[in-house]
Amino acid sequence: MTTTQLRIDRERCIGAGMCALTAPEVFDQDPDDGRVLLLHTEPTTAHRAAARMAAGVCPSGAITLGEPEAGGA
């Protein structure tokens, strides 16, 4: 089974909060500066679609997904 690796760039984040609204099980917002906090670098199967959607709706592109290569080494 493949896993999805999430990465965030807090410097790029503008604090819109779309990630935390879209996938609250995976993302949160820092109470001090409002920027994204990553709760899980490898979301469960149940949360993978929401994490992918959150990356897609992020207005600053601060969230990236890395899919493992097929037949990975």
Side-chain angles (χ1 to χ4, degrees):
M1 172 162 259
T2 62
T3 59
T4 300
Q5 292 282 326
L6 292 170
R7 292 182 185 84
I8 58 170
D9 182 346
R10 285 182 45 84
E11 295 302 314
R12 191 171 186 171
C13 178
I14 61 171
M18 295 303 297
C19 55
L21 291 171
T22 305
E25 303 84 3
V26 182
F27 303 100
D28 200 358
Q29 282 186 277
D30 188 313
D32 294 327
D33 63 13
R35 293 191 223 172
V36 63
L37 294 174
L38 183 58
L39 303 177
H40 302 284
T41 58
E42 296 181 14
T44 64
T45 302
H47 299 130
R48 196 171 293 151
R52 189 179 318 278
M53 184 177 289
V57 299
C58 177
S60 66
I63 303 168
T64 56
L65 291 102
E67 300 288 342
E69 294 181 21

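Please read all numbers here as calculations on a predicted model, not as lab measurements. If you read the sequence from its start, that first residue is 1, and numbering goes on from there.
Nearest heavy atom pair, residue F27 against residue A51, reads CE1-CA, 4.2 Å. The two atoms that bring R12 and S60 nearest to each other are NE-O, 2.7 Å, heavy atoms only. Taking every heavy atom of both residues into account, T22 and A54 meet most closely at CG2-N, 3.7 Å. Taking each heavy atom of C13 and G15 in turn, the nearest pair found is SG-N, 3.3 Å. Taking every heavy atom of both residues into account, P59 and I14 meet most closely at CG-CD1, 3.9 Å.
A single hydrophobic cluster is not seen to contain both I63 and L37; linkage of ILVMFWY side chains at heavy-atom distances under 4.5 Å, directly or through other members, places them apart. M18 is not connected to V36 by any chain of hydrophobic side-chain contacts under 4.5 Å among Ile, Leu, Val, Met, Phe, Trp and Tyr, and they are in different clusters.
L6 pairs with exactly one of T64, L39, L38 by the side chain to side chain contact (heavy atoms under 4.5 Å, CB included) rule, that one being L38.
For T44, the side-chain hydrogen bond (donor to acceptor under 3.5 Å, both in side chains) partners two or more places apart in sequence, or in a different chain, are H47. Remark: D32 engages no residue in a side-chain hydrogen bond (donor to acceptor under 3.5 Å, both in side chains) (not counting sequence neighbours).
Between the R35 side chain and the R10 main chain, a donor and an acceptor come within less than 3.5 Å of each other.
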